[in-house]
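Here the structure is laid out as structure tokens; the discussion comes afterwards.
Numbers here simply count residues along the sequence, with the first being 1. Just so it is clear, the structure is predicted and the values come from calculations on it, not from any experiment.
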Amino acid sequence: MAAVREGLPDGRYGRSADARADRTLKIVGAVLGAGLLALITWFGYDYIAGQDVSGRLTGFKVVADDAVDVRLEITKDKDATGVCTVRTLDEYHDEVGRKDFTFDQRESDLVKVVTVRTTARATSAELIGCEPGR
């Protein structure tokens with residue numbers, strides 16, 4: 001019968017180089033993972049907390065071949081100034097009008113109807129976005 005060799009006796013020769021390398025890699029991986037998690041958390045918080053102005057387009061009405069009335073709901077801090085950009089599109093989805101509207105009223109929730117002038121008859125309107133004003 002052949003004797004089966006099971007390896008070196010435990011604790012007799014110290015740790016192998018592979019075990020030390022594995023431990024080092026685990027520590028480096030844990031530190032990098034924690035750093036990445038902290039970075040993602042910071043960016044997420046900054047994105048959510050940094051939204052001082054938000055808007056929503058709740059309706060529009062084509063009032064003429066060269067004008068569209070757009071109804072916006074804006075939420076902002078009372079002291080903040082918000083700038084919202086609205087664009088209008090024709091039946092071929094080409095842009096026929098775009099305008100920035102500034103809201104500096106000292107209210108936190110606003111509902112406004114604004115008029116966008118167009119170069120051709122519009123069939124739809126969309127809110128591009130809102131951001132804090134300067």
Side-chain angles (χ1 to χ4, degrees):
M1 276 204 193
V4 177
R5 187 168 186 189
E6 296 181 14
L8 299 175
D10 289 334
R12 185 166 182 182
Y13 299 104
R15 286 188 176 173
S16 70
D18 289 342
R20 281 190 294 272
D22 287 346
R23 184 163 190 251
T24 302
L25 286 175
K26 286 179 185 177
I27 292 171
V28 169
V31 169
L32 290 176
L36 181 63
L37 183 62
L39 188 64
I40 290 171
T41 302
W42 173 259
F43 284 134
Y45 174 77
D46 186 53
Y47 177 76
I48 292 170
Q51 298 291 324
D52 294 333
V53 179
S54 66
R56 193 171 79 168
L57 187 142
T58 57
F60 68 92
K61 181 179 180 182
V62 179
V63 293
D65 286 341
D66 64 348
V68 176
D69 284 345
V70 178
R71 185 173 189 264
L72 298 173
E73 292 180 1
I74 293 90
T75 303
K76 63 180 187 67
D77 293 338
K78 283 188 176 188
D79 297 332
T81 298
V83 178
C84 295
T85 303
V86 176
R87 77 175 182 168
T88 56
L89 307 171
D90 66 6
E91 63 183 317
Y92 303 108
H93 301 284
D94 293 328
E95 186 176 294
V96 293
R98 176 185 289 248
K99 188 162 184 183
D100 293 333
F101 297 98
T102 302
F103 302 99
D104 57 0
Q105 294 84 349
R106 297 192 51 84
E107 300 174 33
S108 60
D109 295 321
L110 302 167
V111 176
K112 293 290 184 181
V113 176
V114 295
T115 302
V116 179
R117 306 296 288 177
T118 62
T119 57
R121 185 165 184 85
T123 57
S124 66
E126 63 181 7
L127 178 64
I128 299 297
C130 295
E131 59 187 33
R134 295 163 196 78

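Taking hydrophobic clusters as Ile, Leu, Val, Met, Phe, Trp and Tyr residues chained together by side-chain heavy-atom distances below 4.5 Å, L57 shares a cluster with I74. Residues L127 and V114 are members of one and the same hydrophobic cluster, defined by side-chain heavy-atom contacts under 4.5 angstrom among Ile, Leu, Val, Met, Phe, Trp and Tyr. In terms of hydrophobic clustering, with Ile, Leu, Val, Met, Phe, Trp and Tyr side chains grouped at heavy-atom distances under 4.5 Å, V68 and V113 are assigned to different clusters. Hydrophobic clustering keeps V96 apart from V116 (ILVMFWY residues linked when any side-chain heavy atoms are closer than 4.5 Å, directly or through intermediates).
For residues 57-88, the set of pairs meeting the disulfide bond (SG atoms under 2.5 Å apart) definition, not counting sequence neighbours, comprises C84-C130.
Side-chain contact between K99 and V86: absent, with no pair of heavy atoms (C-beta onward) separated by less than 4.5 Å. For the pair R87 and T85, the minimum side-chain heavy-atom distance is 4.5 Å or more.
Distance check, rounded to the nearest 0.5 Å: OG1 of T118 to CG of L89 gives 11.0 Å. Atom CG of residue D77 and atom CZ of residue R106 lie 11.0 Å apart, to the nearest 0.5 angstrom. With rounding to the nearest 0.5 angstrom, the CZ atom of R71 is 4.0 Å from the OG1 atom of T58. Distance CD/E107 to NZ/K112: 6.5 Å, rounded to 0.5 Å.
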| task | Start with the C-alpha gap between V70 and F101, add the side-chain angles, then the distance that decides, and say whether side-chain contact (heavy atoms from CB on, under 4.5 Å) holds. | result | CA-CA 11 Å; V70 178; F101 297 98; over 6 Å; no
| task | Give the intermediate values and the outcome of side-chain contact (heavy atoms from CB on, under 4.5 Å) for residues D109 and E73. | result | CA-CA 7 Å; D109 295 321; E73 292 180 1; over 6 Å; no
| message | Go through it in stages, so that I can follow the logic: the residues are L32 and L36, the test is side-chain contact (heavy atoms from CB on, under 4.5 Å), and I'd like the CA-CA distance, side-chain angles, deciding distance and then a yes or no. | response | CA-CA 6 Å; L32 290 176; L36 181 63; over 6 Å; no
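Using modelled atom types, no side-chain atom of S108 and backbone atom of K78 make a donor-acceptor pair closer than 3.5 Å. For K76 (side chain) and Q105 (main-chain N/O), a donor-acceptor pair under 3.5 Å exists by modelled atom type. Here the side chain of T88 pairs a donor or acceptor atom with the backbone of G97 at under 3.5 angstrom.
For R98, the CZ atom is densely surrounded, since the number of other residues' heavy atoms within 6.0 Å is greater than 12.
Here the closest heavy-atom approach between residue V53 and residue T81 is recorded as CG2-O, 4.1 Å.
Checking D90 against T123 by side-chain atom types alone, no donor-acceptor pair falls below 3.5 Å.
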